[in-house]
Amino acid sequence: MTTMTRQLKLVGNDDGTARDAAAIKVAFATTDRRHVNQHFGAAEGFAIYRVSASGYELLEVTEFGRLDMDGNEDKLGAKIQALAGCIAVYCQAIGASAIGKLRAQGIQPIKVAPESLVSSQLHALKRELRDGPSAWLKRAIEQQSPRSESRFDAMAAEVWEE
């Protein structure tokens with residue numbers, strides 16, 4: 001089974017490092033870009049945003065052909081690949097297999113109430129980044145940050161005199 005994927009990246013949007021080092025990328029399973037209204041496995045599309053303590057912006061929209069929730073695991077690969085760089089994906093529901101695959105990629109699945117507004121979730125994330133992130137968000141931010149050199153790496157790089 002071949003999955004059709006359409007992707008729209010907004011011109012002028014970069015990876016976020018130039019604007020705000022503390023910015024994160026999150027995705028929403030949505031058909032209308034306003035509501036979180038899709039099960040992850042059957043999601044027809046994702047809206048991906050950059051969020052920081054000072055605001056948020058739409059980065060890209062990815063759309064997939066309509067898929068049935070038939071237990072076919074092949075459809076998950078394209079969806080997970082579309083979420084590269086995201087720390088979380090918001091959806092109405094998600095299966096155990098998809099949860100495991102997302103977490104293995106460092107993406108936290110977040111289940112929200114049916115028809116939750118994307119804008120409400122974005123405002124809550126912005127507020128959380130400003131006021132201090134929760135435990136899961138703090139871990140996600142730390143995981144996406146470039147790792148600093150360990151003491152051992154720093155010592156190994158030193159010039160040793162004989």
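Each residue takes its place number in the sequence, starting with 1. Reckoned from all heavy atoms, side chains included, excluding hydrogens, waters and symmetry mates.
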Just verifying a value: how many Å separate [X] [atom1] and [Y] [atom2], rounded to the nearest 0.5 Å?
X	Y	atom1	atom2	result
Ile87	Arg139	CD1	CZ	11.0 Å
Ile48	Glu57	CD1	CD	13.0 Å
Ser52	Lys126	OG	NZ	8.5 Å
Ser119	Tyr49	OG	OH	8.0 Å

Between side-chain atoms of residues 127-137 and protein atoms elsewhere (two or more places apart, or another chain), which donor-acceptor pairs fall under 3.5 Å?
residue : atom : partner : partner atom : Å
Glu128  : OE2  : Ser134  : N            : 2.7
Glu128  : OE2  : Ser134  : OG           : 2.5
Ser134  : OG   : Trp136  : NE1          : 3.3

task: Report, as yes or no, whether the 6.0 Å neighbourhood of atom CD on Gln81 holds more than 12 heavy atoms from other residues, nucleotides or ligands.
output: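 Counting neighbours around CD of Gln81, 12 or fewer heavy atoms of other residues, nucleotides or ligands fall under 6.0 Å, so no.
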field: Full working for side-chain contact (heavy atoms from CB on, under 4.5 Å) between Cys91 and Ile110
entry: CA-CA 6 Å; Cys91 52; Ile110 300 174; over 6 Å; no
field: For Phe40, ring pair (Phe, Tyr, Trp, His ring centres under 6.0 Å) partners two or more places apart
entry: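 Applying ring pair (Phe, Tyr, Trp, His ring centres under 6.0 Å) to Phe40 gives Phe46.
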- prompt: Can you find a heavy atom in the side chain of Val26 that is under 4.5 Å from one in the side chain of Val89?
  reply: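 They are not in side-chain contact.
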message: A side-chain contact here means heavy atoms from C-beta on lying under 4.5 Å apart; do Gln108 and Leu102 qualify?
response: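 Of all side-chain heavy-atom pairs linking Leu102 with Gln108, none is under 4.5 Å.
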Just list the side-chain donor-acceptor pairs under 3.5 Å for residues 28-37, sequence neighbours left out, or say none.
residue : atom : partner : partner atom : Å
Thr30   : OG1  : Asp32   : N            : 3.2
Thr30   : OG1  : Asp32   : OD1          : 3.2
Thr30   : OG1  : Arg33   : N            : 2.9
Thr30   : OG1  : His35   : O            : 2.6
Thr31   : OG1  : Asn37   : ND2          : 2.9
Asp32   : OD1  : Arg34   : N            : 2.8
Asp32   : OD1  : His35   : N            : 2.8
Asp32   : OD2  : His35   : ND1          : 2.8
Arg33   : NH1  : Thr30   : O            : 3.1
Arg33   : NH2  : Glu63   : OE2          : 2.6
Asn37   : OD1  : Thr31   : N            : 3.0

side-chain contact (heavy atoms from CB on, under 4.5 Å) assessment of Val51 paired with Leu122: CA-CA 7 Å; Val51 185; Leu122 288 166; 3.5 Å; yes
task: For residues Leu83 and Ala27, report the shortest heavy-atom separation together with the two atoms involved.
output: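 The answer is CD2-CB, 3.3 Å.
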query: If you look at every heavy atom in Phe64 and Ala43, which pair is closest and at what distance?
result: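 Closest heavy-atom pair between Phe64 and Ala43: CD1-O, 3.8 Å.
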message: For a side-chain contact (heavy atoms from CB on, under 4.5 Å) check, start with the C-alpha distance between Glu115 and Gln92, then their side-chain angles and the critical distance, and finish with the verdict.
response: CA-CA 8 Å; Glu115 299 299 320; Gln92 276 191 358; 4.1 Å; yes
message: Tell me every residue that passes side chain to side chain donor-acceptor pair (under 3.5 Å) with Tyr56, counting only those two or more places apart in sequence or in another chain.
response: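 If we apply the side chain to side chain donor-acceptor pair (under 3.5 Å) test to Tyr56, skipping adjacent residues, the hits are His123.
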- prompt: Does Lys79 reach the main-chain N or O of Gly41 with its side chain, forming a donor-acceptor pair under 3.5 Å?
  reply: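 Pair found, side chain donor or acceptor close to backbone of Gly41.
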- prompt: Step by step, would you call Leu117 with Gln121 a side-chain contact (heavy atoms from CB on, under 4.5 Å)?
  reply: CA-CA 7 Å; Leu117 289 172; Gln121 301 299 326; over 6 Å; no
